[in-house]
Protein chains: 2
Amino acid sequence: MKQANTYTPPTLTVDNVIFCLIDNVLNVLLIRRTTEPFQGDWALPGGYNAAGETTTEAMQRILQTKAGVKSDNLQLVEQLYTFDTVARDPRGHAVSVTYMGLGRSVQPAATRSTQSPTFFPVSHLPSLAYDHADIIAYAHSRLQSKITYTNAIFALLPQRFTLSQLQSAYEAVFCRELDKRNFRKKFLSLDLIQETDEMHREGAHRPARLYTFKSQSLQALTRTFD
Amino acid sequence: MKQANTYTPPTLTVDNVIFCLIDNVLNVLLIRRTTEPFQGDWALPGGYNAAGETTTEAMQRILQTKAGVKSDNLQLVEQLYTFDTVARDPRGHAVSVTYMGLGRSVQPAATRSTQSPTFFPVSHLPSLAYDHADIIAYAHSRLQSKITYTNAIFALLPQRFTLSQLQSAYEAVFCRELDKRNFRKKFLSLDLIQETDEMHREGAHRPARLYTFKSQSLQALTRTFD
DNA sequence: ACAAAAGTGTTAAGAATACACCCATGT
DNA sequence: ACATGGGTGTATTCTTAACACTTTTGT
C-alpha cells in the first residue's frame, strides 16, 4: 500500500442514465454538449467528481446543475457500473461511475446552467458522445432484469395507476408485448399492489380501476416476473 | 463540463474478492496488511490505480504483486461495485472499484512483495480492514445470484467433476443443502454439461461419473437454477 | 459383511401458456 | 349504435418439491 509520491489518479466522473415513461414509451434524459470534445453532440448528464464528494452527491449536483432535475424526483437510484477504458475520453484517462435513476414525471427545468435537457425514446436515440450509447444499453438491460425480480417498476409509474398502465410500462421496458390475462393473473398473485376505490375515467370506454403499490421501496419478488 | 483548475480527483483504488473452493468450502483470499492504517489486519488484496491504467489492469497487477496470483488462474472475473464513502479510508477520500474473481485452485505463491496471501472460509472470516467485510458480503451475494441464472459455477470447479462435486459447489455458495435427485434432474435438463467416459474412483464406494461443462464461458440459463 | 458415496423415479401441487368474448363508457 | 379500452376463465403443459432404496466399490 505504499504510495509513490508520483501517484496521479485518473479523472473521476459520474454519468447518469435517467429513465422516465412518456406516453408509455421509455425515455432517457440527454443534454447537448456546449464544449469540446463532442461539442454539439447529445450526451448523458455527467460531470467531474472531486475528492471529498461521494459519487451519489456528485450525481445529485450534476443532475440539478446540468439538467435542472431534482433528485427527489427520482423514485429509485442505483449504481450501475464503472467504465474505465483509457481511450473513452479523448482528453485523457477518465473513469466514470454510472448511475441509473428512475422517475415518474421528471420535468427538466431550464436554468442558466442547464444544457437543453431533453428526453429521447430509448429506441430512437441520436448519435451520442463518448461511450454513452454503451452506457445506456447497459442501463436498459439492467432495468429489464431489475423489473423481472423486483418491484422496481413502481418507480416509473404514478402513485395510482391502472393495470393497463402497469402492463404497458413492462412492455415499454421489455420492448415486447405481454398477454393481458396472464399478465394480470400473475402480477396480482405477486401481492405487490392494492386496489383503490377510485377509477380512472378517460375516453369513450369503460373506466379502469386504480391500484397502488403496497410498498414504494425496492423489494425482491417471491417469483420472478416474466 | 468546464473543469476548474482546482479540480482534484479522489484516490482511486481497486479491491479484489477472489473466491475458490477448498474441500467443498467457499474461501476468499486475504492478505495481512504490513503498513498503517489497519497494520496487521487482514484485508482484500487491493491497491492504487494510477491514471493510464484500467481497473482490470490494476487488478491483475495487484493480485500478482500482493498475493502472487496470476490472473490466468481466474476462470471468471467480474466488476462488482464502486465503493466511495468519504470515510472508508482514514487517510482521505478513496474510491474503490471492486472485482470478483473465481478460480479453481488458486495457489497464492509467496514472493518478496506478497503479504501472507491466505484463503479463509467465507463463513469464518477474521476481522477485516476498511469496509472489506461489506465488500465480501456484497460479492458473496452477487455470486449467489450469478450461479442461479448463469453457468458461472464452472469457474469454481475442475475441468472434470462429479455431480456430487457440482452439487456440493452449489451448496457451498448457497450455504444450504439441496435435494440430490432434484438437483441432478434439473441440472442435467439445463443442457450445460456432458458425460465423459471417465470415472472418479476414490474411497471405499462406487466410482462416480465425471462430467465437463460444454462451454467454459459465461452463459445465461434457459431457466433459472434454484 | 459392512461402510460409504453413487445413482435412480414417481407422484402431487403449483406455475406458465395459449386463447376469445362480454362490459361500461362517451359520442 | 358503435367504437374503445377494461375486464374476465379454462384447459394443457411444464416445473417444482417431496421423498427412500439399490448399486458399486474398498477394506
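If you're wondering where the values come from, they're calculated on a predicted model, not measured in any experiment. Letters A, B, ... are given to chains in the order of the sequence lines, protein chains preceding strands, and every chain is numbered from 1.
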Engineer: Between C/dA5 atom P and B/Met199 atom CE, what is the distance in whole Å?
Structural biologist: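 Rounded to whole Å, this separation is 16 Å.
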
Engineer: When the aromatic ring centroids of A/Phe225 and A/Tyr170 are compared, is their separation below 6.0 Å?
Structural biologist: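 That pair passes the under 6.0 Å test.
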
Engineer: Can you tell me the distance, in whole Å, between the CG atom of B/Leu188 and the P atom of C/dA6?
Structural biologist: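 After rounding, the reported distance stands at 14 Å.
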
Engineer: Is it the case that B/Thr111 and B/Ser113 place a side-chain donor and acceptor less than 3.5 Å from each other?
Structural biologist: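 Yes, a side-chain donor-acceptor pair sits under 3.5 Å.
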
Engineer: Indicate yes or no: at least one non-hydrogen side-chain atom of A/Leu29 is less than 4.5 angstrom from one of A/Asn16.
Structural biologist: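 Sidechains of A/Asn16 and A/Leu29: no contact.
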
Engineer: How close or far is atom C1' of C/dA18 from atom CG of A/Leu178, stated in whole angstroms?
Structural biologist: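 One finds 14 Å between C1' of C/dA18 and CG of A/Leu178, rounded.
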
Engineer: Have A/Ser116 and A/Thr118 got a donor and an acceptor in their side chains that come within less than 3.5 Å?
Structural biologist: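 A/Thr118 and A/Ser116 do not have a side-chain donor-acceptor pair below 3.5 Å.
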
Engineer: What nucleic acid atoms does A/Ser189 come within less than 4.0 Å of, heavy atoms only: base, sugar-phosphate, or nothing?
Structural biologist: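 Answer is nothing: A/Ser189 stays at 4.0 Å or more from every strand.
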
Engineer: Mapping A/Lys186 and B/Arg184 onto DNA chain C by nearest heavy atom, which one lands closer to the 5' end?
Structural biologist: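 Here B/Arg184 is the residue nearer the 5' end.
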
Engineer: Under 4.0 Å between a Lys/Arg side-chain N and an Asp/Glu carboxylate O for A/Asp134 and A/Arg88?
Structural biologist: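 Salt bridge between A/Asp134 and A/Arg88, a charged N being under 4.0 Å from a carboxylate O: no.
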
Engineer: In a check of side-chain contact (heavy atoms from CB on, under 4.5 Å) between B/Met59 and each of B/Val97, B/Val77, B/Ile18, which one passes?
Structural biologist: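 Of all the options given, the one that passes is B/Val77.
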
Engineer: Applying the side-chain hydrogen bond (donor to acceptor under 3.5 Å, both in side chains) test to A/Ser164, which of A/Arg184, A/Arg209, A/His200, A/Lys180 qualifies?
Structural biologist: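 The side-chain hydrogen bond (donor to acceptor under 3.5 Å, both in side chains) with A/Ser164 is passed solely by A/Arg184 among A/Arg184, A/Arg209, A/His200, A/Lys180.
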
Engineer: Would you check, one step at a time, whether the test side-chain contact (heavy atoms from CB on, under 4.5 Å) holds for A/Val17 with A/Val28?
Structural biologist: CA-CA 7 Å; A/Val17 184; A/Val28 64; 3.7 Å; yes

Engineer: Heavy atoms under 4.0 Å, any strand shown: does A/Arg223 hit a base, just sugar-phosphate, or nothing?
Structural biologist: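 Sugar-phosphate, no base atom in range.
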
Engineer: With a strict under 4.0 Å distance from non-hydrogen atoms of chain A, what nucleotide opens and what nucleotide closes the contacted stretch of DNA chain D, reading 5' to 3'?
Structural biologist: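 Range of nucleotides within reach of chain A: D/dA3 to D/dT10.
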
Engineer: Flag yes if more than 12 heavy atoms outside A/Glu177 fall under 6.0 Å of its CD atom; otherwise flag no.
Structural biologist: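 Open.
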
Engineer: Using a cut-off of 4.0 Å between protein heavy atoms and nucleotide atoms, how would you tag nucleotides 19-26 of chain C 5' to 3' with B, S and -?
Structural biologist: BB--BBBB

Engineer: Using the salt bridge (charged side-chain N to carboxylate O under 4.0 Å, His left out) rule, pick out the option among B/Lys214, B/Lys186, B/Arg223 that qualifies with B/Asp191.
Structural biologist: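 Going through B/Lys214, B/Lys186, B/Arg223 one by one, the salt bridge (charged side-chain N to carboxylate O under 4.0 Å, His left out) with B/Asp191 is satisfied by B/Lys214 alone.
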
Engineer: Let me check the geometry of the helix from C/dA1-D/dT27 to C/dT27-D/dA1. What is the bend angle between the axes at its two ends, five pairs each, to 10°?
Structural biologist: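 That helix has its two terminal axes inclined by roughly 10°.
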
Engineer: Has B/Ser164 got a side-chain N or O lying under 4.0 Å from the OP1 or OP2 atom of C/dA5?
Structural biologist: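 So the side chain of B/Ser164 is outside the cut-off, no N or O lying under 4.0 Å from OP1 or OP2 of C/dA5.
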
Engineer: Is it the case that the ring center of B/Phe161 lies less than 6.0 angstrom away from the ring center of B/Phe154?
Structural biologist: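 Aromatic pair excluded; centres sit 6.0 Å or further apart.
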
Engineer: Grab the CG-C1' distance between A/Asp226 and C/dT17 for me, whole Å please.
Structural biologist: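 Interatomic distance, CG of A/Asp226 to C1' of C/dT17: 12 Å.
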
